[in-house]
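All of these numbers come straight from a predicted model, not from anything done at the bench. Whatever order the structure lists ligands and atoms in, that order sets their numbers, starting from 1.
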Amino acid sequence: MQKFTVTNDHDVSISAITLGATWKAFNIPGKDGKPENVMLSMPSSDEYMKNQYFCQAIGRTAGRITKGTFSINGQEYHVDANEGTTTLHGGPHGFNTQIWNGAFDGDSIVFEKHIDSSEDSFPGNIDVKITYTLSDDNEVTISYTAKSDADTLFNPTQHAYFNLSDGQNVYGQSLQINADKYLELNKDKTPTGKMVAVDDTPYDFRDPQNIKLGIDDMKAEVGHTYDEVYVINDHNDDDPIATLTDPESGRSVAIKSNRNVLVVFTPDDLDGVKFDRGAGVPHMGIALEAQNLPDTPNHEGFGSVLLPKGEEKTYSISYKATF
Ligand code: BGC
């Protein structure tokens, strides 16, 4: 396993590791000037292997594909399932399970991998490149580029879990999301196809909302905490789709992307997981995953995440720290 670190002139640094192209650290100074890692990170590769997805690269397709089945140009494909009959986050051999070839390219960290169709069961052999870049104005940009030798699906994300505070949970932090709607989900969390307005519900983060209050309202009114697919409003690429803020430490991270979804996930049960911050506790972090709508080929009006044969496609997400 290799770890790569880049530091800028403002005491901000990032680290990423070859296992799962994982974003291991985003160190941001607090009010006292002391940088702390705001990513929910783990102390060993063993721990990363035992607990999937934590700040790892997700692909080829983020989110759930109903029955692992979809069609491209009238041809039906079945890919490997890893959650009952559902394919979650690229299935059992997704990007997060790969050991990537890592290198520096100037100030960027670059991970590359050729993935055979026989390995992850998706159509097309693909070449994937994931790049982490830290700018001098404290912005991390992650880009995902792929090229396939057959038509395939490509909807990658970074499964980032943030905790901007120096404490053990995210309760003091607030979140703002540029989304009027979220996806209705079936019991197995696959989309029904319906989009629902956030108005007058605990799903509404259009104005900054304290996360603890939101979690409490969700529990009381909906019966569970957040594991939601927000449909991002049309926006300029330069406008954040979401901003997470910790008033106490003074840290904030604004997420920019031209993707049309942000998944928000506040895990209730992190029991038994060892993090660099200590033993896992409920709501130790909040996952914010910018991506395109999940299960796209199976829902009319969800757009397309097709990666046509021979074409190169790049998706980017950036995270700007202020402190
Ligand atoms: C999904 C959750 C899932 C989690 C796994 C999130 O993107 O929305 O349902 O449990 O990933 O880490």
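Using a distance-only test at 3.5 Å, with no hydrogens or angles considered, a donor-acceptor pair links the side chain of E47 to the main chain of K274. The main-chain N or O of F26 is found under 3.5 Å from a side-chain atom of N37 such that the two form a donor-acceptor pair.
Heavy-atom neighbours of K129 NZ from other residues, nucleotides or ligands within 6.0 Å: at or below the threshold of 12.
Here L213 sits alone; no ILVMFWY side chain lies under 4.5 Å from its own, so it joins no hydrophobic cluster.
Each of Y53, R64, H89, H159, Y161, K189, D227, V263, F265, E289 has a non-hydrogen atom positioned under 4.0 Å from some atom of ligand 1.
Residue pairs meeting the ring-ring contact (aromatic ring centres under 6.0 Å, His included) criterion with at least one member in residues 260-293, sequence neighbours excluded: F54-F275, Y171-H283.
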Using atom types as modelled, flag every donor-acceptor pair under 3.5 Å from a side chain in residues 237-247 to any protein atom, sequence neighbours excluded.
unit_1	atom_1	unit_2	atom_2	d
D246	OD2	S249	N	3.1
D246	OD2	S249	OG	2.6

